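Before any comments, here is the structure.
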Amino acid sequence: MKNSISRRSLIIGAFAAPAVLTLPRGASAATNLTLGHNAAPGNPRSIATERFGEMVKERSGGRIGVRVAGSEQLGNEQSLLTSLRTGAVDMTVNSQGSTSALVPELAALGLPFLFEDSAAAFKVLEGPIGEELAQRFSKVQMVPLGWWDNGIRHITNGKRPVVKPADLKGLKIRTPPDPMTIDIFRALGAGTEQISFGELYIALQQGVVDGQENPLTNIASSKLFEVNKFISLSGHKWESSPFLMSQITWTRLPAADREIIRTAAKEAGDLQRKLFAENEAKYNSEFRANPKLAVNEVDKTAFREASATVIDTWRAKPFGEFVDQLVKTARG
């Protein structure tokens, strides 16, 4: 696809500059780390990772340099996760969906309508549920540095408003390679297609898929609204963005450097969550005010009822005990 190649080349060319080693001029770091992600410049994930690199440099006196590469410069999420496990990449902030291929329990955080908002999700993650997930990550050679926000998700498409699940019939929706999201949309009656986020704009533009689902922040930063004018505020699920470090890298760092990284990751995560919440409110207002877009509420009762079977399906999985614990914790 000529258009796809040219757009991807433009993306990589335009955003290669931010992938710099955060070191003082003329200095060289004793430890050089790489941090890859797929977010576009201006996205809270991108801003927070750059700030993370700056904090690590400052607090280590320049001993630790962090090369931050966004916009899939170091590969898509699946390849980044593979590189993380081998130590070829040191850190990444991935979407929940891609990461759940390694830790299947992670996908359960996206059970339909489990969390009313991000605050409710983080309250759960900062307790025993988060500790349990951290243990699961250790088994796949990864160290969680924090839970970042990938938001309450909504549906966009280029054909019609989606008010009830029946409106999804006949639409092909792009989902991440996340079994939970796929199960939700199949239960709602839509067709699904898994496409890399970096190729999503072109796929929507060329009609490979009719629509997609994402938080408003991602819809805005990647300009998906340019090719999908119908934005339906479904709020069908919440997702995290786990900030992960290679266990290979982690084990070779001295305790003092680990503490610098953990502290900087916590502060960068707080920044990302704050920016994300601000952006969600901002883009909700901007999208509603844009005469070129059609923003609508959905019948959430109908959506809840249509997707209720997904919870039962996930309770029947080998890690059903974890799912039960999660649901009980989330619902108080």
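These numbers come from the heavy atoms of this one structure, side chains and all, not from hydrogens, waters or symmetry mates. Since this is a predicted model, take the numbers as computed values, not measurements.
Scored by the side-chain contact (heavy atoms from CB on, under 4.5 Å) test, Lys266 finds Asp270 as partners (sequence neighbours excluded). For Phe319, the ring pair (Phe, Tyr, Trp, His ring centres under 6.0 Å) partners are Trp314, not counting sequence neighbours. By the ring pair (Phe, Tyr, Trp, His ring centres under 6.0 Å) test, Phe113 is found to be paired with no residue, residues two or more places apart in sequence or in another chain being considered. By the ring pair (Phe, Tyr, Trp, His ring centres under 6.0 Å) test, Phe322 pairs with no residue at all, sequence neighbours left out. Judged as a side-chain contact (heavy atoms from CB on, under 4.5 Å), and not counting sequence neighbours, the contacts of Ala119 are Asp117. Here Arg51 pairs with Glu54, Glu58 under the salt bridge (charged side-chain N to carboxylate O under 4.0 Å, His left out) rule; sequence neighbours left out. Applying the ring pair (Phe, Tyr, Trp, His ring centres under 6.0 Å) test to Phe230 and every residue at least two apart in sequence or in another chain returns nothing. For Glu286, there are no salt bridge (charged side-chain N to carboxylate O under 4.0 Å, His left out) partners, not counting sequence neighbours. Residues passing the side-chain hydrogen bond (donor to acceptor under 3.5 Å, both in side chains) test with His236, sequence neighbours excluded: Glu213, Ser234. Under the side-chain contact (heavy atoms from CB on, under 4.5 Å) criterion, Glu131 pairs with no residue at all, not counting sequence neighbours.
No donor-acceptor pair under 3.5 Å is formed between the side chain of Gln73 and the backbone N or O of Gly36.
For the residue pair Glu193 / Thr175, no side-chain donor-acceptor distance below 3.5 Å is found, with atom types taken as modelled. Between the side chains of Glu259 and Thr263, a donor-acceptor pair is found at a separation under 3.5 Å. Looking only at atom types and distance, the side chain of Asn296 has a donor-acceptor partner in the side chain of Ser232 under 3.5 Å away. A donor atom on one side chain and an acceptor atom on the other are found under 3.5 Å apart for Ser118 and Asp149. A donor-acceptor pair shorter than 3.5 Å cannot be found between the side chains of Asp312 and Thr309.
Counting heavy atoms from C-beta on, the side chains of Leu111 and Val323 come closer than 4.5 Å.
Taking CD1 of Ile195 as the reference point, atom CZ of Arg174 lies at 7.5 Å (rounded to 0.5 Å).
Among all heavy-atom pairs drawn from Val298 and Phe303, the shortest one is CB-CE1, 3.8 Å.
Among residue pairs with one or both ends in residues 206-226, those qualifying as ring pair (Phe, Tyr, Trp, His ring centres under 6.0 Å) are Phe225-Phe287; sequence neighbours excluded.
Through direct or indirect side-chain contacts shorter than 4.5 Å among Ile, Leu, Val, Met, Phe, Trp and Tyr, Ile47 is connected to Leu271, Leu275.
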Is there a side-chain hydrogen bond (donor to acceptor under 3.5 Å, both in side chains) between Asn43 and Asn218? Walk through the geometry before answering. CA-CA 7 Å; Asn43 186 287; Asn218 293 355; 3.1 Å; yes
